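The model shown is predicted, which means the values in this text are computed figures rather than measured ones. So you know, we letter chains A, B, ... as the sequences are listed, proteins then strands, and number each from 1.
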Amino acid sequence: MTDKRGKERIIIHIDYDCFYASVWENLRPELRTVPLGIQQKSILATCNYIARERGVKKLQLIKDAKAACPDLVIVNGEDLTPFRDASRSIFNFIAGTLVGTNQMERLGFDEIFIDVTALVDHNLALLLNSAPGDTFSFHLTLSPPHTTFPINLHNLPPYTHPSDSIPPSFSSLSLDTSGQAQPPETIRLLQRLYLATHLATHLRTLVKSTHNHTASAGISTSKTLAKLAGTINKPDAQTVLHPTTTQAFLDKFEIGKIPGIGRKAATIIRQLVNPLIEPEEQLHEEWFEDVKQKVTVLEVRTKLTQVDLARSPLGGTEAAKVWAWIHGLDDQGVGAKKTVPSQITVEDTFRSLTRAEAVMEVLDRLHSKMLSRMSSELVEDPEAAGGVGKKRWIAVPKTYRLSIRTRKHGFGNRVSRSMPLPSWVLSGVINGDNEGTVGRLSREMGWNLMKRALKEEGEERGWDLQLVNVGVAGIEGAEGGRRTIGEFFGGKGKQTVREEVAEVEEMDGEWELWEEECYVDGEEDEDVWGVCSVCGGRMLRFTLEAHARFHALEHSEGMDMDMA
DNA sequence: ATGGGTCCT
DNA sequence: AGGACCC
């Protein structure tokens, strides 16, 4: 690949320190000074740093953690609501701070990637065009109203990797640490990283002051490098990678630590590098054990060829990606800001679940949570926000899915079945009829899909569930926030009014067919009723299309700028 | 292990 | 529908 140093992206990766523990410490400040662990079933999902100093580890069994630290304070973290809320709040805050920066992607609840290339380039132009000085007002926004923060041009926030490889003074970036002049592309890249480093510090400071969470950050030229850089100094610290020493940095990592190279791929690669490793030894490694035969990126690079990787069970496509990543080449873009999830799932695990009655209770509980989350995450309620107007869908899921794991079927293996999401679920959410909808979901959807899955897996008799997961998926559109009515109907490349309505009917048609085969209890005939996918209104089906036109018009009056 | 998520095949 | 990956 050609040298394109002048065009490198600048990526910041932010990772909140022991996030679940930190959320609980904010909820209960008295927990801040004690060793704290967050329990999910029989394990500690995470723990605070006080607990870590006392020998408690992440993902440790509860009994082992208690043995290591008898006065460990344990709170239950099985309900993720507070973590999800805090995560979203911080993400939205950062998004609101960096107006105009749209490549901002969450990973899990506690990590964010931000592509700050445009923002940094904008600021570098401002800086280079301004009179030399000791400080510079960094512009956080790319469009008005502008907010800024001051940076000290003689001070670079810690840390750099390698240590002190980047001079603290902006004006000294043209020389390396031994006084050697740098190529212009390198100088410019260092200047951009310099600004991004100040920005990362500012963002971490803001997150601390507004949300009281400390965070670690990495600053580099790709997602992989930024994320790995952030692991060097933790907690409450950050690291910028010197751009010409990234290969040496990567070379020291164990191959399985590279993001994107998981357990399976790492096992394959380790065996290619060291065929003496007994396959059994690795396949039998437990989740809590460290890798026994560590293989570094350097070894993979120097002992194997890309062809070796491609001929392995990894396959050519994966091999090419891995080969690029370990050579510091990572094209993975930072995804566009997403404020609406693409799926909502709820699950619970069990030692043993065999009775139909117990299963129905579980389904009811899971469905109830599912509907609450659909309501809070997919429905906009102007009245709840202190305004006026009807509730409307921000984005609508297309499918319902049930996923289970049985004792017989074993460990990682989930089995799932799905079907189109019936419109009565949507109307139930809009109308706030959670009780009725929950019961119907469990009886008509969950239970039937579960029977189907068990039957098809040959477990009709004597089944024993270890996990039940339900959810809605196929939630499309709505990137970057509100989905307008114009996009719902007849938007660019989207569906027309007619097609959207037709889809609702076809969906119901499929459901009715399915119902005839599988449905057991009697229930009222519903097919003359339909639900508007915009406002959730329930109405006679033949009026739906006219009603949809009403929404389209309603929209064009208010938003005619967009409608052309 | 847990209770979530993502995207690709 | 499953599988790989991420936290």
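- Closest contact between the side chain of A/Lys41 and the listed nucleotides B/dT9, B/dT2, B/dT6 involves B/dT2.
- A side-chain donor from one of A/Asp17 and A/Ser216 sits under 3.5 Å from a side-chain acceptor of the other.
- Among residues two or more places apart in sequence or in another chain, the ring-ring contact (aromatic ring centres under 6.0 Å, His included) test is passed with A/Phe249 by A/His161, A/Phe253.
- Looking at which nucleotide of DNA chain B each of A/Ser342 and A/Thr317 is closest to, the 5′-most match is held by A/Ser342.
- Annotation: salt bridge (charged side-chain N to carboxylate O under 4.0 Å, His left out) contacts involving residues 104-116 of chain A, sequence neighbours excluded, comprise A/Glu105-A/Lys223, A/Glu111-A/Lys227.
- Looking at residues two or more places apart in sequence or on another chain, you find a salt bridge (Lys or Arg N to Asp or Glu O under 4.0 Å) between A/Arg84 and A/Glu377.
- Note on A/Thr345: a side-chain N or O is less than 4.0 Å away from OP1 or OP2 of B/dG5.
- Following rounding to the nearest Å, A/Leu314 (CG) and B/dC8 (P) show an atom-to-atom distance of 17 Å.
- For the pair A/Gln40 CD and B/dG3 C1', the interatomic distance rounds to 5 Å; values are reported in whole Å.
- As a whole-Å value, the separation of A/Leu467 CG from B/dT2 C1' is 10 Å.
- Checked against salt bridge (Lys or Arg N to Asp or Glu O under 4.0 Å), A/Glu459 has no partners two or more places apart in sequence or in another chain.
- By the ring-ring contact (aromatic ring centres under 6.0 Å, His included) test, A/Trp323 pairs with A/His327, sequence neighbours left out.
- If you measure from atom CD1 of A/Ile475 to atom P of B/dG4, you get 14 Å, rounded to the nearest angstrom.
- A/Lys369 meets the salt bridge (Lys or Arg N to Asp or Glu O under 4.0 Å) test with no other residue; sequence neighbours excluded.
- Of the candidate nucleotides B/dG4, B/dT2, B/dT6, B/dG4 has the atom lying nearest to any side-chain atom of A/Arg84.
- Contact annotation for A/Arg401: no contact, since no heavy-atom pair falls under 4.0 Å across all strands.
- Scanning residues 360-374 of chain A for heavy-atom distances under 4.0 Å to DNA chain B yields A/Arg373.
- Positionally, the nearest nucleotide of DNA chain B for A/Val346 lies more toward the 5' end than for the other of A/Glu318 and A/Val346.
- Remark: C1' of B/dG4 and CD of A/Gln343 are 9 Å apart, rounded to the nearest angstrom.
- Scored by the ring-ring contact (aromatic ring centres under 6.0 Å, His included) test, A/Phe19 finds A/Tyr16, A/His213 as partners (sequence neighbours excluded).
- With sequence neighbours left out, A/Asp251 forms a side-chain hydrogen bond (donor to acceptor under 3.5 Å, both in side chains) with A/Gln247, A/Arg301.
- Residue contacts shown for A/Lys227 are limited to sugar-phosphate atoms, with no base heavy atom under 4.0 Å away.
- For DNA chain C, the span of nucleotides reached by chain A at under 4.0 Å from its heavy atoms goes, 5' to 3', from C/dA1 to C/dC7.
- With A/Tyr49 as the aromatic partner, A/Arg52 meets the cation-pi criteria of under 6.0 angstrom to the ring centre and within 45 degrees of the ring axis.
- Among the atoms of the strands shown, base atoms are found under 4.0 Å from some heavy atom of A/Glu347.
- DNA chain C lies under 4.0 Å from at least one heavy atom of each of the following residues of residues 104-116 of chain A: A/Asp110, A/Glu111.
- Using a 4.0 Å cut-off between charged nitrogen and carboxylate oxygen, A/Arg365 and A/Asp348 count as a salt-bridge pair.
- Note on A/Lys321 versus A/Asp331: no salt bridge recorded, every NZ/NE/NH1/NH2 to OD/OE distance being 4.0 Å or above.
- The distance between atom CG of A/Asn469 and atom C1' of B/dG3, rounded to the nearest whole Å, is 9 Å.
- For residues 337-378 of chain A, the ring pair (Phe, Tyr, Trp, His ring centres under 6.0 Å) pairs, not counting sequence neighbours, are A/His367-A/Tyr400.
- No contact: A/Gln39 has no heavy atom under 4.0 Å from any strand.
- We find that CG of A/Asp348 is positioned 8 Å from P of B/dG4, with the value rounded to whole Å.
- Using a 4.0 Å heavy-atom distance criterion, A/Gln332 is classed as making no nucleic acid contact.
- Taking atom NZ on A/Lys338 and atom C1' on B/dG5, their separation rounds to 9 Å, with Å as the unit.
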